[in-house]
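To find a chain, count down the sequence lines: A is the first, B the second, and so on, and within it residues start at 1. The analysis underlying the following values was restricted to heavy atoms, covering all of them including side chains, and did not include hydrogens, waters or symmetry mates. Since we're looking at a predicted model, the values are computed, not measured.
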Amino acid sequence: MRNPIWIVRDYIRCTGCRRCEIACSLRHENRIWPETSRVRIFMPFPGLEVPHLCAQCDDYPCVKVCPVEALSVDSQTKAVIVDQEKCISCGNCISACPGKIPYLHPQTNKAIICDLCGGDTECVKVCKEAGYQALKLVEEDVGIQKKLHALEPDVIAKDLAVNLYGEKGEEVI
Amino acid sequence: MLRGYAGKFLDIDLTREKIKEIKFPEATLYQYFGGRGLATKVLWDRLGKKWPKVDPLGPENILTILTGPLSAIHPGSRICVSGKSPLSNGTVGATASSEFSMELKCAGYDGVFVTGKASNPVYLLITDDGCEIRDATHLWGKVGEETIKTLNAEVKNELGKRKPKVGLWKEPSMVYIGPAGENIVRNACVLTKLVHAAGYGGYGAVMGSKNLKAVVAKGRGPLPETAAPKTVKILLQEYHRRIISRDQMRRWGTGYAGYTVGAETSSEPVRNWQEEWHDEKSMAGVRYSTRFWVKPYWADFNCTRSCMKISCIKSGRWKGDITDMPDYELEAYCGTNLGIFNPEDNIHISALADNLGVSGINTANTMGFAAELYQRGILTKDDLGFELKWGDAEAFTKLVHLIVNRQKIGDILAEGTYRAALKISELKGVDVTPYAVHVKGIEIGAHGTRSDQDFTHDICYAASVQGGDHTSIVSDGYNDMGGAIFQDSAVVCMFCVDGDLIWDFARAVTGWKVTRDRWCSEQGPRIVTLQRVFLLLGGPDIFWNPDKDDDNPSRFYEPLPTGPYKGKTTDRNVVKEKRRKYYDAVGWDERGIPTKETLEKLALEEVDNVIRGLRRE
């Protein structure tokens, strides 16, 4: 039995190549389909790339609010798994997420959430191959602080803007 | 079924506010692909016969914003902008990197053709549900930063309202113009992502002349299906593996060249090309990266080359200026060419050009031209309102504003270097055209020919259908066609193309038998021949004379005054000889006019009627 895994995100290292979106959608949809990628790169202003993916909150608010029990936690990886059959596209999981991370598939209209590729995370592989490590896999319990990463992209980008652009960063979003 | 294409294009008449979806026969797409090639075809079909009368800045001109079948699928996603150029009166396929191609294709469109003129400022919003013309009055006058910020928020908000349940909407991607395009500055560019410009050709002015501030795209669909998805997947992996294995470009972008192209190859514009050598070590990637790069690896969709690096100035008088790197071209043109040899001032001028929406290559060429006229006492403080000394970043800041706002002498300089030279010659009674460094109205990229050590030589610009454009130069007439002509029609980034892999990739995506040989012997020559015809037809304000204008700027025949190649110059006889050979190779006569036989061979018979009169009997 392995430890739970978690994807560490390092916004400042993200180049915006979006190869993670390509890899993720190829795995899950067998197409290059950025809007179905379970990790989406937001960019509220050029240079402020924000990889947005499930933070696996320790209390899983999305799982709790699902009225039809379509969401569950994988016992091995601790990822949130969506049962496509059960999902009724109500969007409750989106509202409950502190980072508004889940969203509805453009075609099936079912909720999509990062499933950690069953442990074989495609996005991390390509990010690592390119040497960016904006997404990095850790095999340790990150604990309750995971939830602090569940933020809306604009919130993250506003801080990132100041980090990158100094005072100017206060004005760009 | 078409592979690699979404399958439909938007044809928009802004005067009548009519939006049509159009398709092209597969045979047309096979021959012309997309981007530069398809633009050439459509411009010929719709405007060819009346070309000399078409005002590039009038409603009749067609602005083309096109992807190609490889865009977004091949590493390095670009968009290609074209139309009748207000600078060359021919056409240029100007490309820029961003997510725009991906968003457009995911929304279900391969490109946009825009004609007419809107009665008030507008922008186009393209989504999976179609295209709409939206009011842009509130965006008019806004610089790049403000335009992006406002449109990102506005469009996300609007789409969120329309489909609130789907979750967070990601930002759209957009191409837009700054105040320069609105004021119809001929060298205004079409920008995307703050710092990326489709710079050559003056298409920002064309957009401005149509009252079109921006085209915004957000698609939720997949990228188009490919003919051999498994092969595409494998080729993508191999492509990225190769790109990642070459570290020089990834680490420095083209930013190291600000020093080396001056000090080593001696082909960098210095003070309006009066010199091409310098040994100023602060103009190198090292200092820029250590002091200013806040994001040392920055890229666009499906690109691991990451040759872009974001510079930001956080202290001093230019605090808050943001630009990319600058790349080599802008290190040279917004730096050494203006006598500026420090990174701060260089970043500042680059950021200013980006934000105001002028091409940092072409308008900075015009500014260098103006500064030389000031040095020679031809332009004075009375013309400018201030002194214009080499290296004075404050003065060049004022000058770029004069140009963008078309004030004082800026109104003349806003016409681009060549047209400004003609007007100033008349105004001052002195021939200033020898100081205008351009070919057929297109200011020359930051690579000289005199030392012969750079990738640009003798006829590279003189014989090119895109004039001074350094991204699509001429060398031997045959092989060229498989290079930039193909890449700009497939609309991919030249910095991601790796050897012959692109041909395998093109076949796997489209399912067509795309070969280098075919592109070199047929498809490429057809596109270039049509572009040549556009140049020869020219008008309405300027008509090129092949005997005089298929040449380098006169400065390139002056000996280099300094540096390791002091005394060297471009050889007129070599130019003459190679130009003749090049014309011969592509099937044009000794003056570069396509022969009847060539037109027949390329299935362009109907062109012969239009250009027959240009030939000498």
Side-chain angles (χ1 to χ4, degrees), chain A residues 12-19 21-23 25-26 29-36 40-49 52 89-91 93-95 97 99-107 109 111-112 126 129-132 134 152-154 163-169 171-173, chain B residues 72-73 75 98-99 102-103 106 128 145 148-149 152-153 156 163-171 173 193-196 219-226 229 232-233 236 240-241 243-244 247 250 294-295 297-306 308 310 312-315 319-322 324:
Chain A
I12 223 153
R13 297 178 70 102
C14 176
T15 68
C17 76
R18 293 163 169 83
R19 218 179 144 209
E21 293 182 349
I22 295 171
S25 60
L26 276 172
E29 311 284 337
N30 210 20
R31 295 286 295 269
I32 302 178
W33 193 346
E35 280 298 307
T36 63
R40 294 193 298 168
I41 309 299
F42 282 69
M43 191 186 68
F45 189 78
L48 309 178
E49 281 83 5
H52 203 227
S89 315
C90 67
C93 54
I94 304 172
S95 316
C97 173
K100 305 278 173 287
I101 293 168
Y103 50 101
L104 303 185
H105 190 289
Q107 200 171 57
N109 213 33
I112 43 182
V126 291
E129 186 196 6
Y132 304 138
E152 291 192 30
D154 278 6
N163 191 327
L164 285 182
Y165 302 140
E167 265 179 60
K168 176 64 169 279
E171 309 164 4
V172 299
I173 297 173
Chain B
I73 304 170
S98 74
E99 284 64 48
M102 179 270 282
E103 294 289 2
C106 289
D128 313 69
E145 286 170 1
I148 292 173
K149 179 179 158 179
N152 266 348
K156 261 201 293 189
K163 284 188 183 147
K165 278 184 75 176
V166 301
L168 285 185
W169 278 84
K170 225 161 71 160
E171 297 75 22
S173 185
K193 227 171 159 177
L194 190 63
V195 290
H196 297 178
R220 295 186 81 222
L223 280 175
E225 279 189 54
T226 58
V232 170
K233 201 172 162 181
L236 257 182
H240 283 293
R241 193 193 62 75
I243 291 171
I244 290 163
D247 203 53
R250 300 187 81 217
V294 294
K295 204 152 205 186
Y297 292 88
W298 195 44
D300 305 291
F301 185 78
N302 201 355
C303 173
T304 45
R305 181 67 80 205
S306 55
M308 290 294 158
I310 304 177
C312 179
I313 299 179
K314 294 193 195 172
S315 60
K319 188 162 80 172
D321 280 347
I322 300 167
D324 55 346

Residue pair R18(A), E99(B): steps toward the side-chain contact (heavy atoms from CB on, under 4.5 Å) verdict: CA-CA 10 Å; R18(A) 293 163 169 83; E99(B) 284 64 48; 3.3 Å; yes

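- Of the two parts of I41(A), only the backbone, made up of N, CA, C and O, holds a non-hydrogen atom closer than 4.5 Å to a non-hydrogen atom of chain B.
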Run the side-chain contact (heavy atoms from CB on, under 4.5 Å) test on H52(A) and K170(B) for me, step by step, so that the C-alpha distance in whole Å, both residues' side-chain angles and the decisive distance to 0.1 Å come before the verdict. CA-CA 10 Å; H52(A) 203 227; K170(B) 225 161 71 160; over 6 Å; no

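- Heavy-atom minimum distance, I12(A) versus K295(B): O-CE, 3.4 Å.
- Neither the backbone nor the side chain of S95(A) comes within contact range of chain B; no heavy atom of the residue lies under 4.5 Å from a heavy atom of that chain.
- Interface residue C303(B): only backbone heavy atoms are found under 4.5 Å from chain A.
- Side-chain contact check for C106(B) versus E35(A): every heavy-atom pair is 4.5 Å or farther apart.
- Judged purely by atom type and a 3.5 angstrom limit, W33(A) uses its side chain to pair as donor or acceptor with the backbone of R220(B).
- Among all heavy-atom pairs drawn from K156(B) and D154(A), the shortest one is NZ-OD1, 3.2 Å.
- Taking every heavy atom of both residues into account, G167(B) and Y103(A) meet most closely at CA-CB, 4.2 Å.
- Here the side chain of R31(A) pairs a donor or acceptor atom with the backbone of L223(B) at under 3.5 angstrom.
- In terms of non-hydrogen atom pairs under 4.5 Å with chain A, the most contact-rich of I148(B), I313(B), N302(B) is N302(B).
- In this structure, no portion of P75(B) lies under 4.5 Å from any heavy atom of chain A.
- For C97(A), no part sits under 4.5 Å from any heavy atom of chain B, backbone or side chain.
- Only the side chain of K233(B) comes within contact range of chain A, with heavy atoms under 4.5 Å apart.
- Between chain B and the options H105(A), E167(A), E152(A), heavy-atom pairs under 4.5 Å are most frequent for E167(A).
- In this structure, chain B has heavy atoms under 4.5 Å from both the backbone and the side chain of E49(A).
- For chain B, the nearby part of I94(A) is the side chain; its heavy atoms alone come within less than 4.5 Å.
- Pairing each heavy atom of F42(A) with each of L168(B), the nearest pair is CZ-CB, 4.1 Å.
- Looking at I173(A), the atoms closer than 4.5 Å to chain B (heavy atoms on both sides) all sit in the backbone: N, CA, C or O.
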Stepwise side-chain contact (heavy atoms from CB on, under 4.5 Å) test for F45(A) and E145(B): CA-CA 8 Å; F45(A) 189 78; E145(B) 286 170 1; 4.0 Å; yes

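- Residue with the most contacts toward chain A among S306(B), A153(B), S98(B), G221(B): G221(B) (heavy-atom pairs, distance under 4.5 Å).
- Summarising the geometry, atom CG belonging to N109(A) is positioned 7.5 Å from atom NZ belonging to K165(B); distances are rounded to the nearest 0.5 Å.
- Proximity to chain B involves both the backbone and the side chain of E129(A), based on heavy atoms less than 4.5 angstrom apart.
- In terms of non-hydrogen atom pairs under 4.5 Å with chain B, the most contact-rich of G47(A), S25(A), S89(A), G166(A) is G47(A).
- Heavy-atom pairs under 4.5 Å with chain B were tallied for G131(A), G91(A), G16(A); the largest tally goes to G16(A).
- Distance CZ/R40(A) to CD/E171(B): 9.5 Å, rounded to 0.5 Å.
- In this structure, Y297(B) and C17(A) have side chains that are not in contact, with every pair of non-hydrogen atoms separated by 4.5 Å or more.
- Panel note: side chain K149(B), backbone P44(A); no donor-acceptor pair is recorded below 3.5 Å.
- Closest non-hydrogen pair, R250(B) versus Y132(A), comes out as NH2-OH, 2.9 Å.
- What you find for K314(B) and L164(A) is that their closest heavy atoms are CE-O, 2.8 Å.
- Both the backbone and the side chain of L194(B) come within contact range of chain A, each with at least one heavy atom under 4.5 Å from a heavy atom of that chain.
- Between atom CD1 of residue I244(B) and atom CZ of residue R19(A) there is a gap of 5.0 Å, rounded to the nearest 0.5 Å.
- Neither the backbone nor the side chain of M308(B) comes within less than 4.5 Å of any heavy atom of chain A.
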